[in-house]
Amino acid sequence: MAGLNSIAEGHKKNPFKRSRWNIGLWILVVTYLFYSIGSLGLNAERFLSGIGHASTLLDRMFPPNFERWELLLSGLVESLEIAMISSVSGIFLSLFIGILAARNLMPPWVSVPIRGFVALCRSFHPVIIAILFVKSVGFGALAGILTLIIASIGFIAKLFAEAIEEISFKQVEAIRATGANFSSVVIYAVMPQVFSRFIGFATYQFDSNLRNSTMVGIVGAGGLGGTLFSAFQRFDYDFVAAILITIISLILVWEFLSTLVRRVF
Amino acid sequence: MSSVRKLLQVKELKKEYVSGNPVLKGVDFSIEEAGLVAIIGPSGTGKSTLLRCINRLIDSTEGQIIVNDVDICQTKGRSLRKLRRQLAMVFQEYNLVERLSVMENVLSGRLGYMSTWQAWRRNYTQQDINSAYELLGSVGLAEHATKRADSLSGGQRQRVGIARAVMQNPSIILADEPTSSLDPKTAVEIMELLEKFSLEKNIPVLINMHDVNLAKRFATRIIGMSNGYVIYDGQPKGITDDHLKEIYGGESWLD
């Protein structure tokens, strides 16, 4: 029993002692939370009156109105086209940008600027990029496509570069030792190790582009979002409901298809 | 000028990973003829470093490594890749591309002879494909050609690794601890395979190993390394307990 009855003299420090910094930080976070609620004027009364508005909106939304289905369909088709074009080109570009951004394959003078570019692509929400493109290339689908290409690069190129940085370098060394050139090494030793993950990122990005393609229209970059926004502004809430139902079914159909795609790979 | 053509000549080779702390302190030897050359020595004495320097997977600090009358330390780009084709590597952990098939792994030994476009389209010549099948047969894995490399056992993977090396049509095979991850029986089989290719194709095989007995059994020549220097170079039967004591230090492990 000697082990548990220490005979050592003196006061040993408890290794799990709470730090004052830790407690202070928590107090700070909670205080700021309450301050924010107060300064934005959030209270129960405001919430209840909001709920009232929501129920009027819902009343006017039902039954959904599909009378203008031609307008709906043309918006939907445009959204799909935007999603398709931007995903294919964005994913294709990301393949190369991702390789250039991988720190284990590229010297810093290549990977650092490329990573900076990718970070830039990620730093803005697609809505902000869409506004910039609408201002610079004009209203319509082209602005939407460019927006979603940038969004795809920001997401896939980054994840793809990280996937490459985690590969086993032994396989790379073995292929390099055969005298293969750099691009053959990438094709034979790098791609086999990361390709299935790349397909995963790509299907996820197509999913995200599909959703976003119905959104960029709100700022005038083409697709179903434009139709949705003008329906809101004209208080055609039953048509709004029809558009929302269409978007939901679009996403569900893709969800079903993407499970099939994943099964193939 | 010596009358014998030297396939590989290592002169005064030095390598420092950290400046002022050399791992190789001046290694000299040359390879003139086919056969198994075992490099023995304790861990950390620079055996792997030596082999990896020869193939330029790492760069040496000083000295010369002459292959085909060219100092590989001074080459780069295309000419370096051309020399690498002749210096095939076999690795301790096999280093197969796990998600590719066995056949693709064997054929990847030809990549040094192909353009990227050909590599991308898997456009191997009929002759390459025939010899790949022949090689897979001779390492006893013909029926595994279409399996994924990571579905094989350790010994089978090393056979594929050897087939890939021979596929390069090398003038020398460099094997870095090829049997250290394997059980004793499989280790002997791998050594027999290397011996067989060395004789059949008339290629010298330079093998790093820990196991002195395995080295004595198979090698036609032993190079003993210790502390960054070569301290024995000659016939396996010429190596004595005194040499081994000098190479590995201590004597309690000798029986």
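Numbers restart at 1 for each chain; the letters A, B, ... are given by sequence-line order, proteins then strands. The structure displayed is predicted, hence computed values, not measured ones.
- Among the candidates B:M89, B:E93, B:R110, the residue making the largest number of heavy-atom pairs closer than 4.5 Å to chain A is B:E93.
- Taking a 6.0 Å sphere around NZ of B:K196, one finds it holds more than 12 heavy atoms contributed by other residues, nucleotides or ligands.
- In this structure, the separation between CD on A:E173 and CG on B:N55 is 9.0 Å, given to the nearest 0.5 Å.
- Of the two parts of B:R78, neither the backbone nor the side chain holds a non-hydrogen atom closer than 4.5 Å to a non-hydrogen atom of chain A.
- Between chain B and the options A:A177, A:A174, A:S183, the largest number of non-hydrogen pairs under 4.5 Å is found for A:A177.
- The environment of CE in A:M84 is sparse: at most 12 heavy-atom neighbours from other residues, nucleotides or ligands sit within 6.0 Å.
- Around OH of B:Y17, the count of heavy atoms belonging to other residues, nucleotides or ligands within 6.0 Å exceeds 12.
- With A:Y188 as the aromatic partner, B:R122 meets the cation-pi criteria of under 6.0 angstrom to the ring centre and within 45 degrees of the ring axis.
- More than 12 heavy atoms of other residues, nucleotides or ligands lie within 6.0 Å of CD in B:E143, so this atom counts as buried by the packing criterion.
- The choice from A:M191, A:Q171, A:R176 that makes the most heavy-atom pairs within less than 4.5 Å of chain B is A:Q171.
- In terms of heavy-atom pairs under 4.5 Å with chain A, the best-connected choice from B:G109, B:P170, B:S108, B:S115 is B:S108.
- The part of B:L96 that comes within reach of chain A is its backbone (N, CA, C, O), which places non-hydrogen atoms under 4.5 angstrom from that chain.
- Enclosure of atom CZ in A:F92 is not indicated, since only 12 or fewer non-hydrogen atoms of other residues, nucleotides or ligands lie within 6.0 angstrom.
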Item to check | Stepwise side chain to side chain contact (heavy atoms under 4.5 Å, CB included) test for A:T178 and B:R85 | outcome: CA-CA 5 Å; A:T178 65; B:R85 303 196 300 215; over 6 Å; no

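- With a 4.5 Å cut-off on non-hydrogen atoms, A:Q193 touches chain B through its backbone but not through its side chain.
- Contact between B:V97 and A:A189 at its shortest, heavy atoms only, is CG2-CA, 4.3 Å.
- Going from atom CD1 of A:I187 over to atom OG1 of B:T116 covers 6.0 Å, rounded to the nearest 0.5 Å.
- Dense packing is recorded around CH2 of A:W254, with more than 12 heavy atoms of other residues, nucleotides or ligands lying under 6.0 Å away.
- Crowding of B:F29 atom CZ: a count of heavy atoms from other residues, nucleotides or ligands under 6.0 Å exceeding 12.
- Other residues, nucleotides and ligands place more than 12 heavy atoms under 6.0 Å from the CD atom of B:E16.
- Expressed to the nearest 0.5 Å, how far OG of A:S196 lies from CZ of B:R99 amounts to 4.0 Å.
- Of the atoms belonging to B:L83, not a single heavy atom falls under 4.5 Å from chain A.
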